[in-house]
Amino acid sequence: MPVVTISQLSKHVGQEVTLQGWLYHRRDSGKLIFLVIRDGSGLCQCVVAKGPETDAFFEECKRLGQESSLRVTGAVRADPKQVGGHELTVSGVEIIHKSENYPITNKPHGIDFLMKNRHLHFRSRRQWAILKVRATLVDEIRGYFNRNGYTLIDTPIFAPAAGEGSQTLFSVDYFGEPVYLAQTGQLYVEAGCMAFGKVYCFGPTFRAEKSKTRRHLTEFWMVEPEIAYADLNDVIGVAEDFICSIVQRVIRDNRAELEFLGRDIARLETVQKPFHRITHKQAAEILRGPKARELLDRDLTTKKARLDEVTKLIGEKETQEKGQGLKEWQRDKLVAELADLREEKDDLDTDVRNIPQHIELAANFDPDGDLGGSDETIISRLHDRPVFVTHYPKDCKAFYMKQNKDDSSRVNNVDMLAPDGYGEIIGGSQREDNLDVLLHRLHEEGLNEADYEWYLDLRRYGSVPHGGFGLGVERTLAWLCGLKHIRETIPFPRMMGKFYP
RNA sequence: UCCCCGAUAGCUCAAUGGUAGAGCGGCCGGCUGUUAACCGGUAGGUUGUAGGUUCGAGUCCUACUCGGGGAGCCA
């Protein structure tokens, strides 16, 4: 009997095939058993009817625990009502392993429990869908640069103390000497572009910042292209083209997953060239101006109204839930609705508490300061496409960024803000190619020149204008999938104080 | 580092300071088309830890531990 994957079932309608997978869900009804099988490519309901043909395994199937592994043979039937659109009428079952007491059930679980069971958690549909999109995203990242003449340069993960300066890094004992886990491959990739013209590095990167938010991981993946003979405009052009390419590829290859995740695909389809381009000065004007104020005032009013509404709904549903004579499914529905409402209420509570501060921060925004998280959200929400913000004050940026020739207080850098408040997913710049200016900036930042000798060589031997950017894979994926929390975007998230499993 | 919230059965949650409960999951039984199936039965607890207040603490107070969210910092 041919072994096929569930994703290929449409080619085998009417035929007898074998599936090999795991039991995702089981229901039985006396003389019928419904086995929903998962094989990594999809889900398929397999029906075992009591009869002479199924006698050998019927009773065993009835007791089979969730996530038991098995091979199922049967005739394929198209059935649009079923998950995946097909159903198998079972003629044979081979049980490989009986699983008992699988911890993750079809009822709601808390996030702490799910994260402790992450090694099992990503067997479930939603997590599976997210990680399928991740695989496409990663493939397109590599594909985009490979197609466009970039050479992959792998940069070291053990890095000497000299990084970008201020950030907190993880320290490792390296034969008795302290080294650090790399927080960027950027300086190395600059060396690469002088050898290969256009290069990129792609790998994990590490930050020891004590950030406990839905946007932070301590270990995350970043791709960093670097281009010789490029100015800021060239860098922005590549970033724009690259983002469009990623979005189109994911829409094309993962429409079903995005739909399952409830992502508004039409919203993603609006990601087209050209993106908005504003300078940091223009951003400051927007933040301090009436439009930002109006947006936040409107936000506060609607959120307050919704908070009252949600609070009232919770009260009503709690009363209903305590009432008598409810069917179980009615109670389940209420419990699920209550959980959602309580979560929404928590979010609204924090928003209502934070918005007045955001109003303050925006109104008093320092034109010579960095954009805060709330400022980025305001800017991105006032635009219908991704926004490039350029020319930040040099004091809040890294030493290697190219000083602007018209305004020496600014640098030729760019941050790209994703739509819908997903924040900064790209940060890049043209690099300082003048040795004297670079040395001056290095000293200004209080960095040790000796640590950077090799890097300074790049400006001594054939220095050219060049630049590049870094894109955070997990934040990008959270945006593409419309997720609230970055921890779902990576198979085994590493967060402050968490490294199991 | 700072601020807010939380911890009760394997899981999700209840319990005006007064006898710790329900649903799911497990186990046993019933049902030929179920979709988080349904119906009946059954086992399952040192209420995060340590103190304190009280006749009496899951509930109030203090500290700690762990978790969630946010600020700062960042992709």
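Letters A, B, ... mirror the listed sequences (proteins, then strands); counts begin at 1.
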Spacing of the P atoms in B:rG52 and B:rU59 (rounded, Å): 14 Å
A:Leu32 CG to B:rC38 P: how many Å, rounded? 17 Å
In whole Å, what is the span from the CG atom of A:Leu217 to the C1' atom of B:rC74? 12 Å
Check: protein-nucleotides 40-44 of chain B nitrogen or oxygen pairs below 3.5 Å:
none

Please determine whether a side-chain nitrogen of the Lys or Arg among A:Glu67 and A:Arg38 lies less than 4.0 Å from a carboxylate oxygen of the Asp or Glu. yes
Under the side chain to side chain donor-acceptor pair (under 3.5 Å) test, residues paired with A:Glu432 that sit two or more places apart: A:Lys402
What contact category does A:Leu471 fall into here, base, sugar-phosphate, or nothing, at under 4.0 angstrom with non-hydrogen atoms? nothing
Starting from P on B:rG25, measure out to CD on A:Gln66 and report it in whole angstrom. 9 Å
Of the listed B:rU34, B:rA75, B:rG26, the closest approach to the A:Gln82 side chain comes from B:rU34
For atom P, what is the distance between B:rA14 and B:rA9, given to the nearest Å? 12 Å
Give a yes-or-no answer on whether the side chains of A:Ser245 and A:Glu140 include a donor-acceptor pair shorter than 3.5 Å. yes
Given the C1' atoms of B:rG58 and B:rG6, what is the spacing between them in whole Å? 14 Å
Calculate the interatomic distance between A:Lys62 atom NZ and B:rG30 atom C1'; express it in whole Å. 8 Å
Atom-pair distance (CD on A:Glu59; P on B:rU32), nearest Å: 13 Å
Step-by-step salt bridge (Lys or Arg N to Asp or Glu O under 4.0 Å) determination, A:Lys498 to A:Asp112: CA-CA 11 Å; A:Lys498 277 178 93 122; A:Asp112 185 35; 3.7 Å; yes
Distance, P atom - from B:rA50 to B:rC55, rounded to whole angstrom: 23 Å
Categorize A:Glu87 for me: base, sugar-phosphate, or nothing, with a 4.0 angstrom heavy-atom threshold over every strand shown. base
Looking for any heavy atom pair under 4.0 Å, which part of the strands does A:Glu100 touch: base, sugar-phosphate only, or nothing? nothing
Between atom CD1 in A:Ile37 and atom P in B:rU35, what is the gap in whole Å? 18 Å
Expressed in whole Å, how much space separates the C1' atoms belonging to B:rC28 and B:rU46? 30 Å
Between A:Phe145 and A:Phe242 (judged by ring centroids, cut-off 6.0 Å), do the two rings come close enough to count as a pair? yes
Got a sec, which residues hit side chain to side chain contact (heavy atoms under 4.5 Å, CB included) with A:Ala239, two or more places apart in sequence or on another chain? A:Phe388, A:Ile426, A:Phe469
Nucleotides 9-11 of chain B: which of its N/O atoms have a protein N/O under 3.5 Å away?
| unit_1 | atom_1 | unit_2 | atom_2 | d |
| --- | --- | --- | --- | --- |
| B:rC11 | O2' | A:His109 | ND1 | 2.4 |

ring centroid sep under 5.5 Å plus plane angle under 30, A:Phe34 with B:rG33: no
If you apply the rule salt bridge (Lys or Arg N to Asp or Glu O under 4.0 Å), what do you find for A:Lys304 with A:Asp308, and how did you get there? CA-CA 6 Å; A:Lys304 271 183 176 160; A:Asp308 290 345; over 6 Å; no
Distances for protein N or O near nucleotides 68-71 of chain B N or O, under 3.5 Å:
| unit_1 | atom_1 | unit_2 | atom_2 | d |
| --- | --- | --- | --- | --- |
| B:rG68 | OP1 | A:Lys498 | NZ | 3.3 |
| B:rG69 | OP1 | A:His485 | NE2 | 2.8 |
| B:rG69 | OP1 | A:Arg487 | NH1 | 3.1 |
| B:rG69 | OP1 | A:Arg487 | NH2 | 3.3 |
| B:rG69 | O3' | A:Arg214 | NE | 3.4 |
| B:rG69 | O3' | A:Arg214 | NH2 | 3.0 |
| B:rG70 | OP1 | A:Arg214 | NE | 2.4 |
| B:rG70 | OP1 | A:Arg214 | NH2 | 3.2 |
| B:rG70 | OP2 | A:Arg214 | N | 2.9 |
| B:rG70 | O2' | A:Asn354 | ND2 | 3.4 |
| B:rG70 | N7 | A:Lys212 | O | 3.3 |

For atom C1', what is the distance between B:rG44 and B:rU54, given to the nearest Å? 32 Å
Check whether any side-chain N or O of A:Thr136 sits under 3.5 Å from a backbone N or O of A:Val250 as a donor-acceptor pair, and report yes or no. no
What's the separation between atom CD in A:Glu59 and atom OG1 in A:Thr54, rounded to the nearest 0.5 Å? 9.5 Å
When you get a sec, tell me which of B:rU34, B:rA75, B:rC28 is the closest nucleotide to the side chain of A:Arg63? B:rC28
Dot-bracket encoding of pairs in RNA chain B, which uses [ ] for pseudoknotted crossings and | for another strand, Watson-Crick or G-U under 3.5 angstrom: (((((((..((((....[..)))).(((((.......))))).....(((((..]....))))))))))))....
Taking only Lys NZ, Arg NE, NH1 and NH2, and the carboxylate oxygens of Asp or Glu, determine whether A:Asp366 and A:Arg288 approach each other closer than 4.0 Å. no
Would you measure the distance from the P atom in B:rC24 across to the matching atom in B:rU35 and give it in whole Å? 14 Å
The nucleotide from B:rG26, B:rA75, B:rU35 with an atom nearest the side chain of A:Arg26 is B:rG26
Using only heavy-atom distances, determine whether the side chains of A:Tyr400 and A:Glu190 contain a donor-acceptor pair under 3.5 Å. no
Given salt bridge (Lys or Arg N to Asp or Glu O under 4.0 Å), test A:Arg263 with A:Glu257 step by step and report yes or no. CA-CA 9 Å; A:Arg263 184 57 162 118; A:Glu257 284 80 13; over 6 Å; no
Please evaluate residues A:Ser429 and A:Arg431 with respect to the criterion side-chain hydrogen bond (donor to acceptor under 3.5 Å, both in side chains), reporting the C-alpha separation (whole Å), side-chain torsions for both, the decisive distance (0.1 Å), and the verdict. CA-CA 6 Å; A:Ser429 70; A:Arg431 321 304 185 189; 2.7 Å; yes
So, under a plain 3.5 Å distance rule, would you say the side chain of A:Asp370 forms a donor-acceptor pair with the base of B:rC73? no
So A:Gln127 and A:Arg118, side-chain hydrogen bond (donor to acceptor under 3.5 Å, both in side chains) or not? Walk me through it. CA-CA 10 Å; A:Gln127 300 307 313; A:Arg118 184 65 178 169; 3.0 Å; yes
Closest nucleotide of RNA chain B for A:Leu64 versus for A:Ser29: which of these residues is on the 5' side? A:Leu64
Distance flag, aromatic centroids of A:Tyr144 and A:Tyr150, threshold under 6.0 Å: no
A:Asp79 has an atom CG; how far is it from atom P of B:rU34, in whole Å? 12 Å
Trace of the salt bridge (Lys or Arg N to Asp or Glu O under 4.0 Å) decision for A:Glu87 with A:Lys81: CA-CA 9 Å; A:Glu87 190 176 74; A:Lys81 272 210 318 270; over 6 Å; no
For the C1' atoms, the ones on B:rG70 and on B:rG10, what distance do you get once it is rounded to whole angstrom? 32 Å
I need the CG-P distance between A:Leu169 and B:rA75, as an integer number of Å. 12 Å
